[in-house]
Amino acid sequence: MASVLFSPIDLRGLTLPNRIAVSPMCQYSAADGSATDWHLAHLGQLSMSGAGLLISEAIAVERRGRITHGCLGLYSDDNEDALARVIAFCNRHGQTPFGVQLAHSGRKGSVHHPWNGGKGLAPDEDPWETISSTTEGYDDWPAPKMADAAELARLKDAFVQATARSDRLGVELIEFHNAHGYLGNVFLSPLVNNRNDRYGGSFENRIRFPLETFEAMRKAWPADKPMGVRIPGSDWVEDGGWNVEDAVKYAGALKEAGADYVVVSSGGVVPQQRIKVGPSYQVGFAAEVKARTGITTMAVGMITEPKQAEEIIESGKADMVALARSFLYNPRWAWHAAEALGAETPYYPPQYLRAKPETWPHVFPGRARK
Ligand SMILES: Cc1cc2nc3c(=O)[nH]c(=O)nc-3n(C[C@H](O)[C@H](O)[C@H](O)COP(=O)(O)O)c2cc1C
C-alpha cells in the first residue's frame, strides 16, 4: 500500500509534497536578530532534505521578544536582508517550502544561550526589560513588565509588521508561536494569567490577545498563503492548568478565524510542570483536537521512526508530523523514511543523485535503477 506519510497535502494555496515538517529549532546563532552563515548552512541543508515543509526557528517580532542575544529576529531592515540571503539559497538549491515561526519570548527572554547556562543576563551583558501578561518572573529569570493596553497594541503591531516582512521575503507559510511558555502561551494559561482586564480571567478573556493578534496577522498575510498556530495541549500540572479541553476550544476559535492548521505541543509555562515524555507523547493532544474540531493538525514530540510517523497519519490521529531532533541527528531522515516505507524517494539535489539507493546496487542490491 502506498505510504500516506509521503502523500501530498494542501494547506490553503500551498501544496506540500509530503506530510513531514522540520519543526522550528532555535539556533542561538544570530547577530542582533540577523541570520548568519550558520543559518545558511543549517537551513540550507534542511531545505534539500526531502521534508515536505521547513519551518524556521522562532523569529522574534521585536528586539525584546528574543530569548537570547543569539535569537533570530524580523524587526529591522538588516534582519530582513540577512534572512533574504538564506531564503534565496534555500529556494535556489532546495525544494522544501520555507515557513517562518513568528514569536515573542515574553517573560522568557534576556537570558544566556542554553549552552551557557540559560540564566538571566547580568547588568553588563546588555539585558533588556521583558514584557508579559504578568509581573511574575519565570523561576529565577528576570521579572517582566506587565503589558498595558498601549503595549498590547504595540505588540500586536510588531506581529503584523513581521508578517508583512515575511511576505516581502517570499515566505510561504507562517506559524504563530503560542506554546512553550512564551508570550502567547502566558496569556492562555490560567496558572500565569492573573490579569483583571479583558485579557485575563475567563477562558474567553485569556485567548483574546493571541486570537486578536492572529486575526491581525491573518489580515496582513495574502489570502492564498497558509498560517498555522503552535498551541499548547497541557501545562502538565496536577490541578488548574491549561488542558486538552482548552486546546480543543482554542483550536476551534482559531479555525473560525482562518487558521489552516494547529500543531499541538506543550510545556514551558511553569517550572513545577511534570511532563511525561516518551514516544508520541503529544500525539494524543493532536488527535483529540483533530477529531473534535476538524482542523488540519500536526503532531510533534518524540516522533522518530518512519513506521511511527506513518501510523500517526494512517490512523487519522494527525494530518502531518513535525520532527525536530531527528533532523539534527539525521538531516536525511526523510530519504531514509521513504526507503523504509517503500515510498518514492523525495527530492534529491542533483549534486547528490549518485547516493540514491537505486544507483548504488553494490550497497542496495535489491533496488532496480528507475
Ligand atoms: C534545539 C531545539 C530548538 C528548539 N526551538 C524551538 C523553537 O524555536 N520553536 C518551537 O516552537 N519549538 C522549538 N523546539 C521544540 C521542537 O520544535 C519540538 O517541538 C520538540 O523538540 C519535540 O520534537 P522532537 O522530539 O522531534 O525533537 C526546539 C527544540 C530543539 C531540540
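Both ligands and their constituent atoms are indexed starting at 1 by order of listing.
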Approximate separation, where rounding is to 0.5 Å, of Ile303 CD1 and Ser326 OG: 9.0 Å

Partner set under side chain to side chain contact (heavy atoms under 4.5 Å, CB included) for Phe203, not counting sequence neighbours: Arg206, Ile207, Trp242, Asp246, Lys249, Tyr250

Glu175 side chain to Tyr261 side chain, donor-acceptor N/O pair below 3.5 angstrom: yes

Short side-chain donor-acceptor distance under 3.5 Å, Ser34 and Asn79: yes

Pairwise side-chain hydrogen bond (donor to acceptor under 3.5 Å, both in side chains) hits with a residue in residues 2-12, at least two apart: Ser3-Glu310, Ser7-Arg19, Asp10-Thr15, Arg12-Asp260

Sorted by chain and number, the residues that approach ligand 1 to under 4.0 Å with a heavy atom: Ser23, Pro24, Met25, Cys26, Glu57, Ala58, Gln101, His177, His180, Arg230, Val300, Gly301, Met302, Leu323, Ala324, Arg325

Results of side chain to side chain contact (heavy atoms under 4.5 Å, CB included) for Pro142 - residues two or more places apart only: Ser110, Val111

